[in-house]
Amino acid sequence: IVDRTLDRIRRVADNCQGLQGFMIFNSVGGGTGSGLGSLLLERLSVEYGKKSKLAFTVYPSPQVSTAVVEPYNSVLSSHALLEH
């Protein structure tokens, strides 16, 4: 799924006249937003290193947590979000 997503992003980016960057919207409480989102952000950094990446990230609330692993997912994905 990552390669297919990156292929579609690449096609759209190739059609742009003046690509300035990317806007990323994700949530880091669950597996898809934290794992897949972090992986896509890492791959975008490799392929489009100098382009800006603006991330809007939703973090889970400790008072309204629905899964016990939400804090762990958010800590692990925060490292990847800060790095890339």
Side-chain angles (χ1 to χ4, degrees):
I1 192 166
V2 174
D3 292 328
R4 291 174 68 192
T5 304
L6 286 171
D7 285 340
R8 290 183 183 191
I9 292 172
R10 195 175 302 113
R11 269 189 266 153
V12 171
D14 289 343
N15 289 332
C16 290
Q17 295 292 324
L19 179 68
Q20 294 190 6
F22 298 95
M23 293 179 72
I24 297 108
F25 298 86
N26 68 325
S27 171
V28 294
T32 305
S34 59
L36 182 64
S38 299
L39 182 61
L40 284 174
L41 191 58
E42 179 183 340
R43 295 275 186 92
L44 284 175
S45 291
V46 169
E47 290 191 31
Y48 303 95
K50 296 288 183 182
K51 299 296 180 188
S52 298
K53 288 167 284 302
L54 182 62
F56 296 94
T57 305
V58 177
Y59 282 89
S61 170
Q63 289 84 15
V64 192
S65 182
T66 58
V68 91
V69 294
E70 282 182 355
Y72 302 109
N73 285 341
S74 56
V75 167
L76 291 172
S77 61
S78 291
H79 172 71
L81 290 172
L82 289 172
E83 189 174 314
H84 301 288

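Every value quoted in this text rests on a predicted model; they were computed, and no experiment measured them.
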Indicate the atoms forming the closest heavy-atom contact of [X] with [Y], along with that distance.
| X | Y | answer |
| --- | --- | --- |
| Glu47 | Arg10 | OE2-NH2, 2.9 Å |
| Glu70 | Pro60 | OE1-CB, 3.3 Å |
| Lys53 | Ile24 | CB-CD1, 4.1 Å |
| Ala13 | Leu19 | CB-CD2, 3.8 Å |
| Ser38 | Ser77 | OG-CB, 3.5 Å |

- [ ] Run the salt-bridge test on Arg8 and Asp3 with the 4.0 Å N-O cut-off and return the result as yes or no.
- [x]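 Salt bridge between Arg8 and Asp3, a charged N being under 4.0 Å from a carboxylate O: no.
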TODO: Go through Leu44 and Ile9 one step at a time and tell me if the side-chain contact (heavy atoms from CB on, under 4.5 Å) criterion holds.
DONE: CA-CA 9 Å; Leu44 284 175; Ile9 292 172; 4.0 Å; yes
TODO: Step through the shown structure and confirm whether more than 12 heavy atoms of other residues, nucleotides or ligands are within 6.0 Å of OH on Tyr59.
DONE: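 Above 12, so yes.
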How long is the straight-line distance from [atom2] of [Y] back to [atom1] of [X], given to the nearest 0.5 Å?
| X | Y | atom1 | atom2 | value |
| --- | --- | --- | --- | --- |
| Leu81 | His79 | CG | NE2 | 10.5 Å |
| Asn26 | Leu40 | CG | CG | 9.5 Å |
| Glu83 | Ser45 | CD | OG | 8.5 Å |

Open item on the list: For Gly29, is there any backbone N or O sitting under 3.5 Å from a side-chain donor or acceptor partner on Asn73?
Closed with: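 Looks like yes, one N/O pair under 3.5 Å.
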Task: Side-chain cluster (under 4.5 Å, hydrophobic types only) that Met23 belongs to, other residues - done: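 Other cluster members: Phe25, Leu54, Phe56.
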Task: same_hphob_cluster(Val2, Phe22) at 4.5 Å side-chain heavy-atom cutoff - done: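 Val2 clusters together with Phe22.
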- [ ] Give the C-alpha distance, both sets of side-chain angles, the deciding distance and a yes or no for side-chain contact (heavy atoms from CB on, under 4.5 Å) between Leu6 and Arg11.
- [x] CA-CA 9 Å; Leu6 286 171; Arg11 269 189 266 153; over 6 Å; no
